[in-house]
Amino acid sequence: MILKDPLPGASPRRVLMQLGVGDVAVPNFATYLHARAIGLPAVSHTGISLYGMPDLLEAQSGFSSYDYGIDTDFYRVPLVPEQGNDVHDSVRIEPAVLEQMDRFLQKDGMVYSTCEGSCDPG
Amino acid sequence: MSGAAATITDDGVNAEFTSLYDIDGYSRVPLLVGTLPDALVADGFVDILGDFAATESPDSQSIIIDTTNTTFVPHFTDVDPRAFDPLRRAIALHPIVDLAEQRRYIVVLQGVKNESGELAKAAGGFALLRDDKTEGIRIWCFERRPSVSSCNSSHATFKGLSSSMCGPRAPNGSSIELMAVSTRA
């Protein structure tokens with residue numbers, strides 16, 4: 001509805017979605033589901049594709065993930081994780097994330113991968 | 001919201017999303033929950049970190065079939081670790097793509113194991129259908145098929161599965177049927 005079928009009268013939208021791998025506060029699956037529902041492609045240099053999301057080098061709207069090397073196995077157990085981590089609050093202050101936002105918010109900006117290789121700021 | 005309670009923009013334009021799109025409260029990616037009368041284990045299911053594409057195969061331990069186009073719906077499956085009674089562990093299937101409205105889906109479970117590593121017992125209703133012991137029993141939610149083979153012949157891809165169906169209503173009038181299935185040699 002946001003990109004494919006906007007509300008009547010709505011101006012065209014562009015969306016940048018950013019995710020930290022292993023986020024305890026917002027489970028990655030929920031973010032993937034959201035991105036998939038919107039129809040966002042993944043934007044990375046990794047070539048790692050998520051189900052249903054093409055992996056592009058740049059896009060008008062897109063989705064990028066930042067991997068801190070957190071073991072995500074805790075997601076396998078459908079319970080609230082016993083331990084938290086810093087992923088949720090770390091993504092927004094990463095230089096690569098800020099650069100990506102800056103380039104996106106420029107006039108005629110797009111979603112670019114601002115990492116060389118995988119985005120693993122940790 | 002409506003009337004004076006409706007949200008408007010600074011220039012007086014109705015900004016109520018629900019005045020343009022009716023909200024029925026149902027998710028397009030519903031949680032599909034069932035159980036089997038056995039001490040189930042999660043072995044063999046594709047979990048949240050698994051390869052979702054593997055659930056788009058007739059060999060998958062859990063299958064969701066869109067009956068309109070006979071395609072598979074990718075998903076992952078949890079077995080509830082919090083159940084107090086091991087005989088009532090919920091199996092929860094999570095579609096990872098939106099389900100269509102006004103669509104009938106079939107959920108298939110096959111080869112589910114119990115704690116002893118044996119095939120889990122079939123649900124009672126399914127066992128009656130599988131064993132053709134439904135004489136005098138009203139099949140309340142699905143037209144009973146004359147035989148298992150006729151069911152298989154309509155879904156040739158799924159040969160080898162025996163099937164029965166019952167289940168709740170799903171979003172926006174879609175009908176979801178929980179189909180308990182056991183593999184046959």
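Chain letters run A, B, ... following the sequence lines, proteins first and then strands; every chain starts at 1.
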Region of A/R76 in contact with chain B, defined by heavy-atom distances below 4.5 Å: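 Both the backbone and the side chain of A/R76 come within 4.5 Å of chain B.
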
Side chain, backbone, both or neither of A/D73 within contact of chain B (heavy atoms, under 4.5 Å):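 For A/D73, backbone and side chain are both near chain B.
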
Co-membership, hydrophobic cluster, residues B/V41 and B/V46, 4.5 Å side-chain: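 Different clusters.
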
Single-linkage hydrophobic cluster, 4.5 Å side-chain cutoff, B/V79 and B/L32 together: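 Same hydrophobic cluster.
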
Over 12 foreign heavy atoms within 6.0 Å of [atom1], [X]:
X	atom1	value
A/D102	CG	yes
A/Q106	CD	yes
B/D11	CG	yes
A/H34	NE2	no

pair B/P81-A/L79: side-chain heavy atoms closer than 4.5 Å: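 Heavy-atom side-chain distance check passes, below 4.5 Å.
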
Among the listed options B/D80, B/L49, B/D47, the residue most often paired with chain A at heavy-atom distances under 4.5 Å: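 If we count pairs closer than 4.5 Å to chain A, B/L49 comes out on top.
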
Distance, nearest 0.5 Å, that separates CD1 of B/I48 from OH of A/Y32: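 Interatomic distance, B/I48 CD1 to A/Y32 OH, rounded to 0.5 Å: 9.5 Å.
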
From B/H75 atom NE2 to A/Y51 atom OH, the distance as rounded to the nearest 0.5 Å: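 That separation rounds to 11.0 Å.
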
Segment of B/V13 engaging chain A (4.5 angstrom heavy-atom cut-off):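 Nothing of B/V13, per the 4.5 Å heavy-atom cut-off to chain A.
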
side-chain contact (heavy atoms from CB on, under 4.5 Å) assessment of B/I96 paired with A/F29: CA-CA 9 Å; B/I96 65 160; A/F29 173 73; 3.5 Å; yes

